[in-house]
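Take a look at the structure below.
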There are 2 protein chains.
Amino acid sequence: MTIRLDLVFAALSDPTRRAILTMLLEDDMAVTDVAEPFDMSLAAISKHLGLLTRAGLISQEKRGRVKWCKLEPDAMREPSVWMQGFGQFEPVNLDDFERFLAAELPG
Amino acid sequence: MTIRLDLVFAALSDPTRRAILTMLLEDDMAVTDVAEPFDMSLAAISKHLGLLTRAGLISQEKRGRVKWCKLEPDAMREPSVWMQGFGQFEPVNLDDFERFLAAELPG
DNA sequence: GAAATCGTCAACCAGTTGGTTGAATAACGA
DNA sequence: TCGTTATTCAACCAACTGGTTGACGATTTC
């Protein structure tokens with residue numbers, strides 16, 4: 001449990017990885033397509049995807065020579081509860097969420 | 001904004017720092033008292049507190065020779081919205097929250 | 001079969017993190 | 001004034017992170 005929180009929060013602390021998750025909100029993507037908008041090697045993106053996978057935030061499935069990445073938002077549930085418990089914030093405002101996302105997408 | 005998310009998520013990725021925040025839920029504390037339950041030098045705790053302060057998750061105020069630490073849960077609001085937006089989770093169950101906390105306190 | 005595509009692996013590098021110890025600073029109490 | 005308490009600072013260390021490049025295995029296409 002503690003380890004899961006460690007992994008998820010660490011995964012979310014990097015802007016490249018948050019941008020990847022945001023892209024995957026739209027649809028599942030191949031590794032190469034995930035990497036395309038970033039000014040960074042494919043190997044670097046592959047490492048980020050491995051870390052996201054270990055944190056449970058995405059899953060990867062190989063079909064043919066293409067590896068598909070899929071968002072697994074359930075991994076955020078427990079960390080989200082943890083944070084919400086501290087703040088007792090009002091229910092989430094979706095406009096706020098959209099605004100955050102817009103600020104984080106690459107290129 | 002992106003930098004704030006970086007700092008908060010990175011701060012939360014360490015179990016010592018999460019435990020400190022949990023302790024501060026109860027009440028404000030002096031640095032020495034925060035450090036007491038941990039098997040770690042005071043200097044190490046002082047560094048953790050500095051990081052939490054830079055992330056905005058706590059504030060520190062010196063009165064006399066004692067520096068008081070106070071939880072600032074508002075710093076979690078935006079990161080919390082960010083996570084909630086991904087999962088569209090149901091409203092927070094406080095029992096879940098209590099259970100998480102119990103698993104994280106030191107000593 | 002040969003060539004191109006998809007993705008990972010291994011080795012490397014610079015910078016950061018989480019810890020240590022010992023000295024320094026600041027404020028209180030006798 | 002002197003010792004004690006509260007906290008940070010500076011230097012150091014091992015381990016981790018986020019990036020690179022080049023070689024490699026697997027799959028598809030020609």
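Per chain, numbering begins at 1; letters A, B, ... match sequence-line order. This is a predicted model, so every value here is computed, not measured.
Here the P atom of nucleotide D:dT7 and the CG atom of B:Asp33 are 8 Å apart, to the nearest Å. Taking atom CZ of B:Phe9 as the reference point, atom C1' of C:dT16 lies 20 Å away to the nearest angstrom. B:Asp6 has its CG atom 14 Å from the C1' atom of C:dT16, to the nearest Å. Distance A:Lys67 NZ to C:dC9 C1': 12 Å, rounded to the nearest Å. Put simply, CD1 on B:Ile45 is 16 Å from P on D:dC9, counting in whole angstrom units. Distance, B:Glu61 CD to C:dA27 C1': 16 Å, rounded to whole Å.
Contact between the side-chain N/O atoms of B:Ser46 and the OP1/OP2 oxygens of D:dT7 is not found at any separation under 4.0 Å.
Among residue pairs with one or both ends in residues 28-45 of chain A, none qualify as side chain to side chain donor-acceptor pair (under 3.5 Å); sequence neighbours excluded.
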Please enumerate all protein N or O atoms sitting under 3.5 Å from an N or O of nucleotides 25-30 of chain D, with distances to 0.1 Å.
| unit_1 | atom_1 | unit_2 | atom_2 | d |
| --- | --- | --- | --- | --- |
| D:dT27 | O2 | A:Arg65 | NH1 | 3.4 |

Between N or O atoms, less than 3.5 Å apart, protein on one side and nucleotides 17-20 of chain C on the other: list the pairs.
| unit_1 | atom_1 | unit_2 | atom_2 | d |
| --- | --- | --- | --- | --- |
| C:dG18 | OP1 | B:Arg17 | NH2 | 3.1 |
| C:dG18 | OP2 | B:Arg17 | NH1 | 3.0 |
| C:dG19 | OP2 | B:His48 | NE2 | 2.2 |
| C:dG19 | N7 | B:Lys47 | NZ | 3.1 |
| C:dG19 | O6 | B:Lys47 | NZ | 2.3 |
| C:dT20 | OP2 | B:Ser41 | N | 3.0 |
| C:dT20 | OP2 | B:Ser41 | OG | 2.8 |

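In this view, B:Glu61 and B:Arg63 satisfy the salt bridge (Lys or Arg N to Asp or Glu O under 4.0 Å) rule, not counting sequence neighbours. Among residues two or more places apart in sequence or in another chain, the side chain to side chain contact (heavy atoms under 4.5 Å, CB included) test is passed with B:Leu49 by B:Ile20, B:Val31, B:Val34, B:Ile45, B:Leu52, B:Ile58, B:Gln60, B:Cys69. Contacts of B:Ser46 classified as side chain to side chain contact (heavy atoms under 4.5 Å, CB included), with partners at least two apart in sequence or in another chain: none.
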inquiry  = Please evaluate residues B:Phe86 and A:Leu24 with respect to the criterion side chain to side chain contact (heavy atoms under 4.5 Å, CB included), reporting the C-alpha separation (whole Å), side-chain torsions for both, the decisive distance (0.1 Å), and the verdict.
reply    = CA-CA 10 Å; B:Phe86 273 88; A:Leu24 291 176; over 6 Å; no
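Taking hydrophobic clusters as Ile, Leu, Val, Met, Phe, Trp and Tyr residues chained together by side-chain heavy-atom distances below 4.5 Å, A:Met40 shares a cluster with A:Met23.
In terms of heavy atoms, A:Arg18 sits closest to A:Leu12 at NH1-O, 2.7 Å.
In this structure, A:Ser80 OG and B:Gln84 CD are separated by 3.5 Å, a value rounded to the nearest 0.5 Å.
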